Engineer: 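Questions regarding the structure given below will be posed in turn.
Order of the sequence lines fixes the chain letters, A, B, ..., with proteins taken first and strands second; residue numbering starts at 1 for each chain. Note that this is a predicted model, so its numbers are computed, not measured.
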Amino acid sequence: MNYLETLNPQQLEAVKHTEGPSMVIAGAGSGKTRVLTYRIAYLIERGVDPFNILALTFTNKAAKEMKGRIAEIIGQSEAKNISMGTFHSVFARILRHHSDKLGYPSNFTIYDTQDSRSLLKTIIKELKLDDKTYKPNLVHGRISSAKNNLISAAAYEANTDIVAEDRMSGKPRLFEIYKAYEKRCFKAGAMDFDDLLYKTNVLMRDHADVLHFYQHKFRYILVDEYQDTNYSQYLIVKKLADVFHNICVVGDDAQSIYSFRGANIENILNFKTDYSDCVTFKLEQNYRSTKTIVNAANSIISKNKDQIEKTVWTSNDDGNKIKVIRTLTDNEEGKVVANMIYETKMNEQVNHSDFAILYRTNAQSRSFEEALRKLNLPYKIYGGLSFYQRKEIKDLLAYFRLTANPQDEEALKRVINYPKRGIGKTSIEKVIVAANLYEVSLWEVLAEPNKYPANIPSGTLNKMNAFVTAIKSYRVELEKVDAYELAQTIAKSSGILKELYDDKSPEGVSRYENIQALLAGIKEFSETASEGETAFLSDFMVDVALLTDADDEKEEDLDKITLMTIHASKGLEFPYVNIVGLEENLFPSQMALSSRTELEEERRLFYVALTRAETKATLSYATSRYKWGNLITSEPSRFIEEIDAEFLEVANPSRGGGRSLNQVNLEKKVGVPGKKLFSDKERKLKRVTPSDKQPKTGAQASLLDLKVGYNVKHEKFGKGKVIGLEGTPPSKATVFFPKVGNKQLLLKFARLEVLS
DNA sequence: CTTGCAATGACTGAT
DNA sequence: TCATTGCAAG
């Protein structure tokens, strides 16, 4: 029991209060995970059967880590019986178990966001709607939030408020899209991410026996990051806890950052109303960060209106002030941050893994990647395009999906003509039309062309038949050979392997390697099967849609700088944190400026970012940045001003006055900012006026025979000497002006006067 | 049906 | 900038 001695009094109370509802309000860095872990260990030590515990975490990684720690205390064999994971993965498993009750096959496919959007796209097209009015992303968001509020397509249509709202926004036929989408997913034996929660609710609503079973199985329920649960998740938990009331939710309203996914901050604010006998514990001591960071974060979050009252404090050292860095462009920001990491690492002898670069949007990673690569600093990126979302991986997985569940429409459309077998768009459209007509899946139309004629020329029909035969032959193997063997058979005989092998471009080689990596992963999976059992490909496919990069961390990634979005950084901590791109319209995001609640969420996001830091936080912004290829100017984020000035140290590497040696060095490495900015300007101008007009005649004509060494005069920079020229006739000149130094000028704009 | 090129529009965030 | 889409030609 000595692990309990490491807890502070509040933590200990939260751990020991095992019976009845409780809520733990855990400030950032207050040892929340520890409480959860020890609480579970404590339960088990007190005789609770691990089978009776349900622990819901925010990421699979968090679940895995927690399970590992619990295993250290109570032993592996006990720990593995706890039901622990994300809402999605835990309930996907339960849904597979009872899928027949919902009319789904047990190996139903899980559609990821891409699949959902692609299906919506085809539906919008089929309904002959304009995809500019009905943007797939927007439509998806609308459907998603309906599902997260447990509104079925039928209920959606019947809800006059919603329909009126859609009509007002010029999308009166949204309900039709939702209806078609719902139907198509069902026909394809597919659930999207939201369905995993929605259908769980349906299952428990319509099948009292199932509900009863899980209510009694999960006698003790723990929910992490409760502030980020949505209504659908909330209701699942509420139903399951309805018999024993042994529910413990842990969260921090100040860290609620997922409202776009339907998360409802009310869930945590209203917990007390739902359970009147609820006991609340507040963890307010921060063990992670310096006083400066904790207090700066507090000064930020106090600007928000709605919050549960609490005071996060720490007994750690004051630490350094938070540095604020201004740069001129996003590229310079990358260089400055990379340089700073390099120097800190050298001066303080720390690891690469002690650093994180956190940004608001995935698109910002580029400039940091480039700068880090130049300095030979190893880094890893989370999010963005994950391994499982890469095209080649999705292609091969689509074959696997189709093998496990041939009704899977998105998988079928993806690979029926990849590699090319002469089954084109028009043929596929005919199949879809027929499938809609006969109300069957695409696969059925393909597999039984006589029963469901689709008016397809016999040549194409033969090709389709060959495809069907191939898939069927894989299906025969499905429960005969192990996952790896079948995966290899499919990779080879489908022609994917050859297609990629033949592509000798660097990208092609890397795609081939990715496929090999996937196969290696499946091999590993096959080998985990216990004695006398076989791991089948369908078993592998079960959670593959729910996996993310963070879930399988590689050994060689251990000592690298982390680059990720702030959203992805939730729950993590790093000694040195760089929060970058602190600019208006970027962070806070432009989309969040319209309402108070959205702005408050951005502020919470900033709070999350800042509280990831243990010893040192650095903020940076650029005064101009590229967006879609052209330069836009930007203002520093309001969040910088919102931090009490006493915690900040404004370092300004591009203007003189009180700068340190380090900063001067930095500036040298970075290059002359002025020059940089100017060439950026040129690029912008080039874009704005694409038509290259001839320079004017008359006084300007002599510019055509400008030579290196000529003396010229500029209206602003004064006299100067040409030291370089580009183009014939010359269009661009580098001129040395004694007053301002070297300048690159576009002749058609600079209006130079030639003196000699 | 496929190929190649020009035009277009996208950037919040993620299970 | 980059990836996807539409269109014309083979």
Engineer: Do the non-hydrogen side-chain atoms of A:F87 and A:L196 ever get within less than 4.5 Å of each other?
Structural biologist: no

Engineer: Please name the residue in the list A:S259, A:S589, A:S256 that meets the side-chain hydrogen bond (donor to acceptor under 3.5 Å, both in side chains) test with A:E601.
Structural biologist: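 Single pass found, and it is A:S259.
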
Engineer: Within the 4.0 Å limit for protein heavy atoms, which parts of nucleotides 7-15 of chain B are touched? Write it as a string from 5' to 3', B for base, S for sugar-phosphate only, - for none.
Structural biologist: --SBBBBBB

Engineer: Less than 6.0 angstrom from the centroid, inside 45 degrees of the normal: does A:K570 satisfy that with respect to the ring of A:F58?
Structural biologist: yes

Engineer: Any side-chain heavy atom of A:Y626 sitting closer than 4.5 Å to one from A:R366?
Structural biologist: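 Counting from C-beta outward, A:Y626 and A:R366 never come under 4.5 Å.
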
Engineer: According to the ring pair (Phe, Tyr, Trp, His ring centres under 6.0 Å) rule, which pairs have a member within residues 584-606 of chain A, sequence neighbours left out?
Structural biologist: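 The answer is A:F587-A:F606, A:F587-A:F639, A:F606-A:F639.
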
Engineer: Hey, mind stepping through A:Y214 and A:H97 against ring pair (Phe, Tyr, Trp, His ring centres under 6.0 Å) and telling me if it holds?
Structural biologist: CA-CA 12 Å; A:Y214 287 105; A:H97 220 258; 7.8 Å; no

Engineer: Do any N or O atoms of the protein come closer than 3.5 Å to N or O atoms of nucleotides 4-10 of chain C, and which pairs are they?
Structural biologist:
| residue | atom | partner | partner atom | Å |
| --- | --- | --- | --- | --- |
| C:dT5 | OP1 | A:K121 | NZ | 2.6 |

Engineer: Within the side chain of A:R117, is there an N or O that forms a donor-acceptor pair under 3.5 Å with the backbone of A:N137?
Structural biologist: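 No; judged by distance alone, with no hydrogens or angles, the pair does not exist.
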
Engineer: Please report, rounded to the nearest Å, how far the C1' atom of B:dT2 is from the CZ atom of A:R421.
Structural biologist: 16 Å

Engineer: I'd like to know if the side chain of A:Q307 and the backbone of A:I301 have a donor-acceptor N/O pair within less than 3.5 Å.
Structural biologist: yes

